[in-house]
Structures are given as structure tokens and as C-alpha cells.
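In what follows, every chain begins at residue 1, and chains take the letters A, B, ... in the order their sequences are listed. Values below: all heavy atoms of this structure, side chains included; hydrogens, waters and symmetry mates excluded.
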Protein chains: 2
Amino acid sequence: MAKDVKEILKNNSLSITGSREKILGLFLEQPGALAHGDIEKRAGEKFDRVTVYRTLQTFVEKGIIHTIPTADNSIRYALCKDDCKEGHHHDHHVHFVCTQCNITYCLDDVVTPELKLPKGYISTHIEVVAEGICKNCK
Amino acid sequence: MAKDVKEILKNNSLSITGSREKILGLFLEQPGALAHGDIEKRAGEKFDRVTVYRTLQTFVEKGIIHTIPTADNSIRYALCKDDCKEGHHHDHHVHFVCTQCNITYCLDDVVTPELKLPKGYISTHIEVVAEGICKNCK
DNA sequence: TAGTAAAAAGCAACATAGTTGCAAAATCTT
DNA sequence: AAGATTTTGCAACTATGTTGCTTTTTACTA
């Protein structure tokens, strides 16, 4: 495990609990994003659904993970890069959903493009989700 | 009403029914996108939820409306432009969600930008959702 | 325009997602 | 180690979406 789960929790002033360790561990040990359902399945069994919801919510608030909207109406969560601080979230990269393996990737190096919006529209945040075939499924 | 509801239904070889007329009418008489919940509320009362779901599904299949993914996990639907044919859907424009009035607009004139993806990734569809303040709320 | 086949609506029941309040258990602090 | 604070798990509830089946409506044709 590249980064220590406990350290991440401490750095965000979160108490260290079993569910937080396990859920954060899941994010660290695989490349893609996870939906709430994935976590319940992969978590090795027994977690109360409520605990998972609340843990994810806490992680999002602390800026440890961020949400990714997808077309199939299931919110997915992915780890944030280090420069995400609480309340100040840098999520300016593109997301990629593979239609074959259904994994969602954060393309951290692909920056959200600029947009010319019609007069009067002011955008504060732009979300880009690309769909297609990933490098592993080709 | 700019366009005749019945005509649109006929052009897509759909039978003309009360619910289809009313739901399609809702889309025509307002600029933004509608979520399933909006439709149930605005439909002037009594519609079975199942009927609304099935009607929306039918409209999507026929290419009359398209779906817009949003961050809050509620699928919204909006009218397609005329050049959407069944099975061959042109949805290359950007969507805009106003954080104030919560209306979702189709910015038909703002084309989805090109993206340089990492090697190995092949994208078939790109979805762009901008968030901010719309021209009416400014 | 009446009769009929096909399609859609409505109903019931079920499945999945997500939320809230509260009591029990675990964690942190000193 | 003990008390205060968090977090967990449970139960109940709401919202959202789906499926099968029966009744009603629509479109077609004679």
C-alpha cells in the first residue's frame, strides 16, 4: 500500500476506525473510482450501509475523495490528489469511463478545457466525463 | 406552443395518448431540462409514476429527448434538436446547471471541445457539464 | 363507424438507494 | 483507566426505479 491509511486519516483529523481504514484502503489499492455499491461488495462483507454512506460523506467533506457524475445515475468516488485541501478542492481533471470494463479513471494529466459560454453565463466549475475504451481493454 | 405535440409524436410513429401529450408539452413550454420528479409535480397532478418512467424511456429511445448527467445524482431530460434520429443521436453540446435557480440549460451553440487523451484511451462520447450562474440569475 | 388487435396506462408488489433518530460500542483525551 | 466525544449499527422511513399483469385506450380495417 503506497500510502499509509492511518496517516491520511490523522492528517485530516479523523479518528481511526475499522470502517474508515478498510474503505480508504479499498481506494488506495486500485486505480479506478468506486461507487457506493462496489464498496459494500468489496469490503469483505459486513458493513452497515449507513456507515458506508457516512464514511464516504466524511471523506468528501475532508477532501480525501471526490465525486464523479456518470451517465448511469450512479455517483462514483475517487481519491483526490494531494493538493486538495478541505473546502478548497482542485478537481480540474477529466474522467474516463470505460464502456467495456466499466472502470472509471481519473485522468489527472488531462486538464478541463476552457469553454466559451454564451453571454451572461458564468461558470464556476466544469465537469468533463469521456466515455470509451480504456488502454487495458483495447 | 411552438411545435405541435401531436405532430412530433406522429413523426416518431408513436401513438397519441394523454400522458405523452402532456409530458412532451411540458418540455416544449419551458427552456430547461426536467428531472423525473419535476414532471410528476408539474404534470398538473395525476400520473402514475410508472407511466412517466415508461414515457420518458420511450422518448429517449426515439431520440425526442436526451439525458443529462448531473452531480447530484438526478438524471435530467431535455429535448433533442431536430437532427437527432433514432439510434443516431447528436448530443455534442454542453450543458449548464445554474446553482441558483437549479435550472439545467442545453447550450446548443457551445460544442464539446476536443480532448487529448493519454495513449491507449479511445473516447466515443464526451459529456461536459458546466456549473455556475445563468443569465437570468445574475 | 363498429369491431378487433395491439399498444399504453394503471395497479400492486417488489427492489434499490439514501436518510434520520437513537442507543450501544469504540475512540480519543488527559 | 475513566469520562467525554465520535462513530457505529439498528430500525424505521422516504424516495426512486422496476416488473408482471389486468384493464383501458388507441389505431387499424372492414
To the nearest angstrom, how far is B/Q57 atom CD from C/dA9 atom C1'? 15 Å

I need the CG-P distance between B/L14 and C/dA6, as an integer number of Å. 18 Å

Rounded to whole Å, the CD-P distance (A/E40 to D/dG9) equals 12 Å

Considering all heavy atoms, the nearest A/F96-B/L117 contact: CE1-CD1, 4.0 Å

Please determine, by modelled atom types, if B/S19 and B/R54 share a side-chain donor-acceptor pair under 3.5 angstrom. no

Heavy atoms only: give me the nearest A/Y105-A/C134 pair and the separation to one decimal. OH-SG, 3.3 Å

Rounding to 0.5 Å, atoms CD (A/E21) and CG (A/D4) come to a distance of 8.5 Å

Look at all strands and tell whether A/R20 reaches a base, only sugar-phosphate, or nothing, counting heavy atoms closer than 4.0 Å. sugar-phosphate

In whole Å, what is the span from the CZ atom of B/R54 to the P atom of D/dT25? 16 Å

Ignoring the backbone of A/T17, work out which of C/dA9, D/dT16, D/dT7 is nearest its side chain. D/dT7

In whole Å, what is the span from the CZ atom of A/R76 to the P atom of C/dG18? 12 Å

Grab the CG-C1' distance between A/D48 and C/dA25 for me, whole Å please. 13 Å

Find the distance B/K10:NZ to D/dT26:P and express it as a whole number of Å. 13 Å

Residue-phosphate contact under 4.0 Å: A/T51 side-chain N/O, D/dG9 OP1/OP2: yes

Please compare A/S15 and B/V50 by the position of their nearest nucleotide in DNA chain D and report the one closer to 5'. A/S15

Atom pair distance, as rounded to whole Å: CD1 in B/I16 and P in D/dC28: 10 Å

What does B/T58 touch in the nucleic acid at a heavy-atom separation under 4.0 angstrom: a base, only the sugar-phosphate, or nothing? nothing

